[in-house]
Amino acid sequence: MNATVRRTVAPPPRRGAALVAALAALAVVLLVLGAMIEIALLSRRQLGRELVARQADCLLEAAAERAAARLGAEPGWAGGREKIPASAIVDAGDADVVTEIAPDGAGSLVRIVVDYPAGRPDSVRRQRAFTLAASSPSARPEVSPEVPR
């Protein structure tokens, strides 16, 4: 009896399949992590820009109040340019404040321009124009609604 013995040939083992799957999973994780880091950096930059814009708004409001008080004390004051050092603000840079005063029938037209941080290409510029009613030297000047820009 001649029996033929058949052997089943087993397929060769796939030794690299698990490594390829692990590398693919690692690549996906790295892409997701990179996107998360990029979003965090963009959020941080945006927050910095918002801080600078808010500081410029606060500087503008302070300059308007200061101009009103100074005009009440010195009716002939014509305005001027003032550089506020970074140490007096939030150390992001110096601020440049320009105040222009023009006589306007019943009072004075005040125009204020704030550039913060001054002299940088990414600085924020805010401006405001308003009319101060003429008043007696002892009374505090009243600020009328803003003049359209």
Side-chain angles (χ1 to χ4, degrees), residues 10-149:
R14 296 184 180 182
R15 295 182 187 173
L19 181 60
V20 170
L23 288 175
L26 183 62
V28 169
V29 168
L30 287 176
L31 286 173
V32 170
L33 185 62
M36 289 173 59
I37 290 172
E38 184 177 356
I39 289 171
L41 290 175
L42 287 173
S43 297
R44 182 178 170 97
R45 280 189 217 124
Q46 179 64 28
L47 181 64
R49 284 192 294 266
E50 288 176 17
L51 175 67
V52 167
R54 180 67 183 128
Q55 184 65 41
D57 292 337
C58 290
L59 285 167
L60 182 64
E61 187 64 31
E65 289 178 11
R66 188 171 181 189
R70 186 147 181 202
L71 271 175
E74 301 174 38
W77 183 58
R81 171 175 245 126
E82 183 178 6
K83 192 163 206 101
I84 300 172
S87 60
I89 310 170
V90 290
D91 283 334
D94 296 341
D96 194 22
V97 179
V98 178
T99 306
E100 298 170 350
I101 312 289
D104 181 35
S108 299
L109 179 64
V110 180
R111 182 173 177 264
I112 300 172
V113 178
V114 173
D115 189 24
Y116 176 74
R120 289 184 15 192
D122 62 339
S123 67
V124 174
R125 178 169 284 189
R126 295 284 193 258
Q127 59 184 0
R128 180 177 175 194
F130 56 94
T131 303
L132 282 175
S135 61
S136 65
S138 61
R140 182 173 177 186
E142 293 184 23
V143 176
S144 68
E146 287 192 27
V147 175
R149 295 178 191 173

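- Here CZ of R126 is found 8.5 Å from CG of L60. Values are rounded to the nearest 0.5 Å.
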Without placing hydrogens or testing angles, list every side-chain donor-acceptor pair under 3.5 Å for residues 92-102, not counting sequence neighbours.
{"from": "D94", "atom 1": "OD1", "to": "A86", "atom 2": "N", "distance (Å)": "2.8"}
{"from": "D96", "atom 1": "OD1", "to": "R81", "atom 2": "NE", "distance (Å)": "3.1"}
{"from": "D96", "atom 1": "OD2", "to": "R81", "atom 2": "NE", "distance (Å)": "3.1"}
{"from": "D96", "atom 1": "OD2", "to": "R81", "atom 2": "NH2", "distance (Å)": "3.0"}
{"from": "E100", "atom 1": "OE1", "to": "R111", "atom 2": "NH1", "distance (Å)": "3.4"}

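- Here salt bridge (charged side-chain N to carboxylate O under 4.0 Å, His left out) pairs that include residues 46-55, with residues two or more places apart or in two chains, number zero.
- S108 and L71 make their closest contact through CB-CD1, 4.2 Å (heavy atoms, listed as atom of the first residue, atom of the second, distance).
- In this structure, CG on L59 lies 5.5 Å from CD1 on I84, to the nearest 0.5 angstrom.
- In this structure, D104 has no side chain to side chain donor-acceptor pair (under 3.5 Å) partners at least two apart in sequence or on a different chain.
- With sequence neighbours excluded, the residues that form a side-chain contact (heavy atoms from CB on, under 4.5 Å) with R125 are V113, D115.
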Identify all side-chain donor-acceptor contacts of residues 16-45 below 3.5 Å with residues at least two apart in sequence or on another chain.
{"from": "S43", "atom 1": "OG", "to": "I39", "atom 2": "O", "distance (Å)": "3.0"}

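- When all heavy atoms of V114 and A56 are compared, the pair lying nearest together is CG1-O, 4.1 Å.
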